[in-house]
There are 2 protein chains.
Amino acid sequence: MTEITNNRFEHLLDLHHLKKTGPRLKVLAMMSAKNTATSQPDLEGLMEDVDRVTLYRILNVFEEKGIIHKIFDLNGTANYAICTSNCQEHLHHDEHLHFNCTVCNKVYCLNDLSLPAFNLPPGFKADGFTLYASGTCPQCSKK
Amino acid sequence: MTEITNNRFEHLLDLHHLKKTGPRLKVLAMMSAKNTATSQPDLEGLMEDVDRVTLYRILNVFEEKGIIHKIFDLNGTANYAICTSNCQEHLHHDEHLHFNCTVCNKVYCLNDLSLPAFNLPPGFKADGFTLYASGTCPQCSKK
DNA sequence: AAATTAAATGCATCATAGTTGCATTTGTGA
DNA sequence: TCACAAATGCAACTATGATGCATTTAATTT
Ligand SMILES: [Mn+2]
Ligand SMILES: [Mn+2]
Ligand SMILES: [Zn+2]
Ligand SMILES: [Zn+2]
């Protein structure tokens, strides 16, 4: 983790009027170090020194502010990923494909893959979409 | 619940080599009486006389056999719906839209709405898809 | 119809995810 | 450096889900 990256996170916390604390910066560092979403159990393991409750509160406030978004995998486990952009308080735009590998269980945010258009039956008014795919990821396909 | 409907469920259990028991028939009756998916907590409330563990085991075996499928709502709560067709042991085809109302929290299986085509990045091999939408359902829109 | 047996249920117990209240600590702005 | 709101830690609690084992029951066989 570079100095510049760390500054970016401090700036991000400033933007949302959140105090720049050790646990919060660590959560952001852990999540940004990977190219997949991080599960709550994994995160809890990585944050040994931090209280479980504190972690839950950090994840909740980050999600509310639009810093991270939450994805449930095939087992219903909560996974978190840093939002790329355009997300604000109580208004997420994570309308991209979420790929859940059935071998390694990783969740990929495929941000570049925007959703194809489709129409809803009468009466339904949608304000958010997510497309899920399950299968084998590149790493697991190779073996 | 008609005699014919009940016979249909008994036949369904026969098909999958499952014993026709009270709790199992009751689960099927409860789920088929609604036009939306049923959450595990709701189901637990409806099945007062049946042990919690028995309910979990019924839901698991029904899902394995392809009788029902599991949908996690926006809160990560498990919801279950009877499969329409084409589902078999360990191979579900619930590749339709799941609409989660943010007001009443109901989950609708919009079976008729099949997914538009799209392509995955190289290396990803998908074998299952689900499209989620959240917003306001017809009932909740009216008010 | 009675006996047999594998399958299903119930009960006790445990594990993990997530929440709430409250005391203590700490970051930040004055 | 002081004051205070914000954040953390700790204890306790709820809910979801799983596992082991004894008991019951549906379905088959005699
Ligand atoms: Mn995502
Ligand atoms: Mn469905
Ligand atoms: Zn994988
Ligand atoms: Zn609704």
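Residue numbering restarts at 1 for every chain, and letters A, B, ... go by the order of the sequence lines. This one's a predicted model, so the numbers in the text were calculated from it and none came from an experiment.
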Q. Which nucleotide in the set C:dA8, D:dT16, D:dG9 lies at the smallest distance from any side-chain heavy atom of A:Asp51?
A. D:dG9
Q. Of all the choices, D:dG17, D:dT8, C:dG18, which nucleotide is nearest to the side chain of A:Ala78 once you look at every atom?
A. C:dG18
(Q) Rounded to whole Å, how long is the line connecting atom NE2 of B:His16 with atom P of C:dA7? (A) 17 Å
Q. Tell me: CD of B:Glu10 to P of D:dA27, nearest whole Å?
A. 8 Å
Q: Take the protein atom CG of A:Leu13 and the nucleotide atom P of D:dA6, then report the distance between them rounded to whole Å.
A: 15 Å
Q) For DNA chain D, whose closest nucleotide is more 5', that of B:Gly76 or that of B:Arg57? A) B:Gly76
Q: Using whole Å, report how far CG of B:Asn79 lies from C1' of D:dG17.
A: 16 Å
Q: Indicate the atoms forming the closest heavy-atom contact of A:Phe124 with A:Leu120, along with that distance.
A: O-CD1, 3.9 Å
Q | No-H, no-angle donor-acceptor pair, A:Arg52 side chain to C:dG18 base, under 3.5 Å | A | yes
Q: Identify which nucleotide among C:dA6, D:dA18, C:dT9 has an atom closest to any side-chain atom of B:Thr21, counting heavy atoms from C-beta outward.
A: C:dT9
(Q) For a quick test of reading the model: is some side-chain N or O of B:Tyr56 closer than 4.0 Å to OP1 or OP2 of D:dA18? (A) no
Q. Within this structure, what is the CD-to-P distance between A:Glu44 and D:dT8, rounded to whole angstrom?
A. 15 Å
Q | Residue that, paired with B:Asp14, satisfies salt bridge (charged side-chain N to carboxylate O under 4.0 Å, His left out) out of B:Arg24, B:Lys20, B:Lys19, B:Arg8 | A | B:Lys20
(Q) Nearest heavy atom decides the nucleotide; on that basis, is B:Phe72 or B:Lys19 closer to the 5' end of DNA chain D? (A) B:Phe72
Q: Give the rounded distance in Å between these two atoms: NZ of B:Lys26 and P of C:dG10.
A: 11 Å
Q. Atom CG of A:Asp14 and atom C1' of D:dA6: how far apart are they, to the nearest Å?
A. 14 Å
Q. Within less than 4.0 Å of OP1 or OP2 of D:dG17, is there a side-chain N or O belonging to B:Asn60?
A. no
Q. Tell me: CG of B:Leu25 to P of D:dA26, nearest whole Å?
A. 11 Å
Q. Closest to the B:Leu18 side chain: D:dG9, C:dC11, C:dA8?
A. C:dA8
Q: Answer yes or no: is there an ion pair linking B:Asp49 with B:Lys26, defined by an N-O contact shorter than 4.0 Å?
A: yes
Q: Give a yes-or-no answer on whether the side chains of B:Tyr56 and B:Gln40 include a donor-acceptor pair shorter than 3.5 Å.
A: yes
Q) Which nucleotide in the list C:dT9, C:dT20, C:dG18 gets nearest to the side chain of A:Val53? A) C:dT20
Q | Aromatic centroids of B:Tyr132 and A:Phe129 separated by under 6.0 Å | A | no
